[in-house]
Amino acid sequence: VQLQAFGGGLVQPGGSLRLSCAPSGNILSIIYMGWYRQAPGKQRELVARISTHGNAVYEDSVKGRFTISRDNAKDTVHLQTDSLEPEDTAVYYCWARTRNYAYWGQGTEVTVSS
């Protein structure tokens, strides 16, 4: 499985960004897809994930602000990030989980700053 991430950039506090992740390869083996992030000096943490059945899980600090969704026609997962805060600044990594393996896409930077 290969993952191609899109989106990211510089946004002011309170702004929005949409991150997208498109998988390729053995797509049918994917059980979960989602996003992790890693801020400078911090460990990588799960932001949100969604199952093939559409069940979503969010990290507490992003609940109510971020929304993860699947476009089943395109096998793409989107992360809509709203009400962004400086604390959301990090490199965001697309992630996919099959039964036996975890896969990572390239990171995309999100910077929230005025």
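What you are looking at is a predicted structure, and each value in this text was computed from that prediction instead of being measured.
Put simply, the side chain of R37 does not reach to within 4.5 Å of the side chain of L19, judged on heavy atoms. A heavy-atom distance below 4.5 Å is found between the side chains of C94 and W35. Counting heavy atoms from C-beta on, the side chains of I30 and Y103 never come closer than 4.5 Å. Between I68 and Y58 there is a side-chain heavy-atom pair separated by less than 4.5 Å. In this structure the side chain of L3 reaches within 4.5 angstrom of the side chain of M33, judged on heavy atoms. Between L46 and E59 there is no side-chain heavy-atom pair separated by less than 4.5 Å. At a threshold of 4.5 Å between non-hydrogen side-chain atoms, the residues V11 and S16 do not count as touching.
Of the listed residues (D88, T81, D82), just one forms a side-chain hydrogen bond (donor to acceptor under 3.5 Å, both in side chains) with R65, and that residue is D88.
Aromatic ring pairs are classed by plane angle as parallel below 30°, tilted from 30° to 60° and perpendicular above 60°; the pair W104 and Y93 is perpendicular. Using cut-offs of 30° and 60° on the angle between ring planes, the pair F66 and Y92 is tilted.
One distance of note links CD1 of I27 with CD of Q2; it measures 9.0 Å at 0.5 Å rounding. Taken from OG1 in T89 to CD in E109, the straight-line distance is 9.5 Å, to the nearest 0.5 Å. Note that the OG1 atom of T52 and the CZ atom of R97 stand 13.5 Å from one another [nearest 0.5 Å].
Atom OH of Y32 sits in a sparse spot, with 12 or fewer heavy atoms from other residues, nucleotides or ligands closer than 6.0 Å. Q43 CD: 12 or fewer foreign heavy atoms inside a 6.0 Å radius.
L79 and W95 are assigned to two separate hydrophobic clusters, defined by single-linkage of ILVMFWY side chains at heavy-atom distances under 4.5 Å. The hydrophobic clustering, which links ILVMFWY residues whose side-chain heavy atoms are closer than 4.5 Å, places F6 and L10 apart.
Nearest heavy-atom pair across G8 and V110 is CA-CG2, 4.0 Å.
At least one donor-acceptor pair under 3.5 Å links the side chain of Q106 to the backbone N or O of A5. Between the side chain of S29 and the backbone N or O of T98 there is no donor-acceptor pair closer than 3.5 Å. Using a distance-only test at 3.5 Å, with no hydrogens or angles considered, no donor-acceptor pair links the side chain of E85 to the main chain of E87.
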